[in-house]
Structures are given as C-alpha cells and as structure tokens.
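The shown structure was predicted, so the numbers you read here are calculated from the model rather than taken from an experiment.
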Amino acid sequence: MLRVLIADDEAMIRGGVRAILASDPGIDVVAEAGDGREAVELARLHRPDVALLDIRMPGADGLTALATIRSALPGTAVIILTTFGQDEYIARALDEGAAGFLLKASDPRELIAGVHAVASGAACLSPRVARRVIGELREGAVSRGRRARELVSALSDREREVLGLLGAGLSNGEIAGRLHLVEGTVKAYVSAALSRLAVRNRVQAAIIAYEAGLVEEGGRG
C-alpha cells in the first residue's frame, strides 16, 4: 500500500482527491492537512510515501512545506497540486525537489498514475503539463534551449535516448521495455544523465529534455 498525505486548505478539494485515490486499492490516504504547517507535522508523524501539496495555503504555504518535508523525510516524494494561474511558483518548486506537478483539473487517472509514478522514483510531469510549465518559463527561451542542447551534448547517444523517454513521462521499467534493456541498466543511465546535467531530480531533467528537443509529441505511445 502506498501511504499518501493530502494538504489543501479547501476541504472540498481534499475530499475530492481522497475519493479519487480511494478508488485505487493500492493507495491509502493516511492524513489530510489544511495548511503547510500541519502538513509537515502530519508528514513527520505518518511518514507517507507521497505528499500531495497545494501551493497557496494559510500559515506555511506548500512550497515551504515542500522544502521542510524533503529535508526531513527524503523518502517522501512530493507532488505539487497547481493551477495554471500558479505557474510562477514552478521554478521554486523544482529547486526545492518536487517530484511532479498535477493540475487540480487533471483527469482522475492522471492523479492515480502520478502517485504511483513518484512513489516508484519516476517523475510526474505529463506532456500536457510539461508544455505549459515550459511555456511559463519562456523568458529567454532561445538561450534556455541553447543551454539545454549544450548540456545534452555531453551525454552519450544512449543517455540522450533515455533522457528523451524520461521527458515523455516513462518510468525506468517502461524505458527498459521500450529499449530492450534491463531496468537496472536504465537506472544507471538515468543516474549518469542526472549527474552530467547537474540536476536534482527527474522533473528538472524532463524540462531540459523538452527544451533540448529530445521529447517527441505523444512520446508515451
């Protein structure tokens, strides 16, 4: 069972998220918080596998809670619940180690898949969300794309191939199946790529993959 914490200051949102997750027998919602401070306290108490955090909450916001949880509980993956109107916070969330981003209006299946993805060490950044995130980070888009291409040029052909599939949202197991490799080998390629790119997690790597043009439309197909 994957243990999940939900933090949102709107009870209706928390109830909706809980109801969606409850439809998956492999997920157990162990706690709900109404603000960032409570989210940190409950995370320390329950040590969930995944924490779903809203950004704007009273007291300590979701980004403050993210930083504290990632520092105190490195085994807890954090997904930020966001709306397009909050995309200005994405860069900071990435820096603080968020494992993924989900829109509150996402398909319920995307929410469930996202929880399983980050719990297994993958990123939760669907192509639709990734395109919007990158669009909101487009200041200096040309220079960002150039910088991304410079970074990936240091990777081997296989590492670039793995990075492109990672950017399309595939897990290590899915990448292994696509490339006819064992999962351990894919994990080694991913670790090497993250090290060479000097990024902290798969979400940051996925954005570089998009900016460098490594991700094909419909890459999960």
Enquirer: Please name the pair of heavy atoms, one in Pro48 and one in Thr76, separated by the smallest distance, quoted to 0.1 Å.
Expert: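 That closest heavy-atom pairing would be O-OG1, 2.6 Å.
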Enquirer: Can you tell if the side chain of Leu5 reaches within under 4.5 Å of the side chain of Leu53, non-hydrogen atoms only?
Expert: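 They are in side-chain contact.
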Enquirer: Would you compute the distance between atom OH of Tyr189 and atom CG of Leu181 and round it to the nearest 0.5 angstrom?
Expert: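 The distance works out to 6.5 Å.
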Enquirer: Side chains of Leu21 and Ile6: does their closest heavy-atom pair fall under 4.5 Å?
Expert: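 Side-chain contact under 4.5 Å: yes.
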Enquirer: I'd like to check Val17 versus Asp8 (side-chain heavy atoms, cut-off strictly below 4.5 Å). Are they in contact?
Expert: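 Of all side-chain heavy-atom pairs linking Asp8 with Val17, none is under 4.5 Å.
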Enquirer: I'd like to know whether CZ of Arg37 has more than 12 heavy-atom contacts from other residues, nucleotides or ligands below 6.0 angstrom.
Expert: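 Atom CZ in Arg37 is not packed in, count stays at 12 or less.
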Enquirer: Is a side-chain donor or acceptor of Ser191 paired with a backbone partner of Ala188 at a separation under 3.5 angstrom?
Expert: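 Not at all, since once roles are kept as given, no pair shorter than 3.5 Å links the two residues.
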Enquirer: Do His46 and Leu73 come within less than 4.5 Å of each other through their side chains, counting heavy atoms only?
Expert: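 They are not in side-chain contact.
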Enquirer: Do the side chains of Leu102 and Met57 join up, straight or via other hydrophobic residues, at under 4.5 Å, putting them in one cluster?
Expert: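 As far as the 4.5 Å side-chain criterion goes, Met57 and Leu102 are not connected within one cluster.
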Enquirer: Tell me whether Leu52 is reachable from Val30 by hopping between hydrophobic residues (I, L, V, M, F, W, Y) whose side-chain heavy atoms are closer than 4.5 Å.
Expert: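 No; tracing contacts between hydrophobic side chains, which count when under 4.5 Å, never links both residues.
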Enquirer: Is the closest basic N to carboxylate O distance between Asp54 and Arg14 below 4.0 Å?
Expert: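 Answer for the salt bridge query: no.
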Enquirer: Distance check, rounded to the nearest 0.5 Å: Arg149 atom CZ versus Leu214 atom CG?
Expert: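 Going from CZ on Arg149 over to CG on Leu214, the span is 10.0 Å.
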Enquirer: Counting C-beta onward and ignoring hydrogens, is there a side-chain heavy-atom pair between Asp24 and Val115 closer than 4.5 Å?
Expert: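 Side chain of Asp24 against side chain of Val115, heavy atoms only: no contact under 4.5 Å found.
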Enquirer: Going through the checks in order, is the side chain to side chain contact (heavy atoms under 4.5 Å, CB included) test met by Val152 and Ile208?
Expert: CA-CA 8 Å; Val152 302; Ile208 290 175; 3.9 Å; yes
Enquirer: Between Asp107 and Arg109, does any NZ, NE, NH1 or NH2 come within less than 4.0 Å of an OD or OE carboxylate oxygen?
Expert: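 So Arg109 pairs with Asp107 through a salt bridge.
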Enquirer: Rounded to the nearest 0.5 Å, what's the gap from CD on Glu161 to OG on Ser156? Could you check?
Expert: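 It is 9.5 Å, given to the nearest 0.5 Å.
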Enquirer: Would you compute the distance between atom CG of Leu166 and atom CD of Glu174 and round it to the nearest 0.5 angstrom?
Expert: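 CD of Glu174 is found 11.0 Å from CG of Leu166.
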Enquirer: Can you see which heavy atom on Glu159 is nearest to which on Arg196, and at what distance?
Expert: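 Scanning both residues, the minimum pair turns out to be OE1-NE, 3.3 Å.
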Enquirer: Can you confirm whether more than 12 heavy atoms, excluding those of Met1, are under 6.0 Å from its CE atom?
Expert: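 Yes, the 6.0 Å shell around CE holds more than 12 heavy atoms from other groups.
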Enquirer: Are Ile27 and His116 close enough that some pair of their side-chain heavy atoms sits under 4.5 Å apart?
Expert: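 Heavy-atom side-chain distance check passes, below 4.5 Å.
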Enquirer: Could you check whether any side-chain heavy atom of Leu163 comes within less than 4.5 Å of a side-chain heavy atom of Leu155, counting everything from C-beta outward?
Expert: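 SC-SC contact between Leu163 and Leu155 confirmed.
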Enquirer: When rounded to the nearest 0.5 angstrom, what distance separates CD1 in Ile20 from CD in Glu110?
Expert: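 Interatomic distance, Ile20 CD1 to Glu110 CD, rounded to 0.5 Å: 11.0 Å.
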Enquirer: Give a yes or no answer on whether the side chain of Asp9 reaches the backbone of Asp35 with a donor-acceptor pair at less than 3.5 Å.
Expert: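 No, because the side chain of Asp9 does not come within donor-acceptor range (under 3.5 Å) of the backbone of Asp35.
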Enquirer: Please report the closest heavy-atom contact between Asp61 and Ile55, naming both atoms and the distance.
Expert: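 It is CB-O, 3.2 Å.
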Enquirer: Tell me the closest heavy-atom pair linking Ala7 and Ala39, and the distance in Å.
Expert: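 Where Ala7 meets Ala39 most closely, the heavy atoms are CB-CB, 3.7 Å.
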Enquirer: So which heavy atom on Ala205 is nearest to which on Leu197, and how close?
Expert: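 Heavy-atom minimum between the residues: CB-CD1, 4.4 Å.
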Enquirer: Side-chain contact test, heavy atoms from C-beta onward, threshold under 4.5 Å: evaluate it for Ile207 versus Val199 and give yes or no.
Expert: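 They are not in contact (no side-chain heavy atoms under 4.5 Å apart), so the answer is no.
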Enquirer: Which heavy atom of Ala33 sits nearest a heavy atom of Leu42, and at what distance?
Expert: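 For Ala33 versus Leu42, the nearest heavy atoms are CB-CD1, 3.9 Å.
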Enquirer: For Asn201 and Gln204, indicate whether the former's side chain and the latter's backbone hold a donor-acceptor pair under 3.5 Å.
Expert: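 Yes; judged by distance alone, with no hydrogens or angles, the pair exists.
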Enquirer: To the nearest 0.5 Å, tell me how far Thr185 OG1 sits from His180 NE2.
Expert: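 Nearest 0.5 Å value for the OG1-NE2 distance: 14.0 Å.
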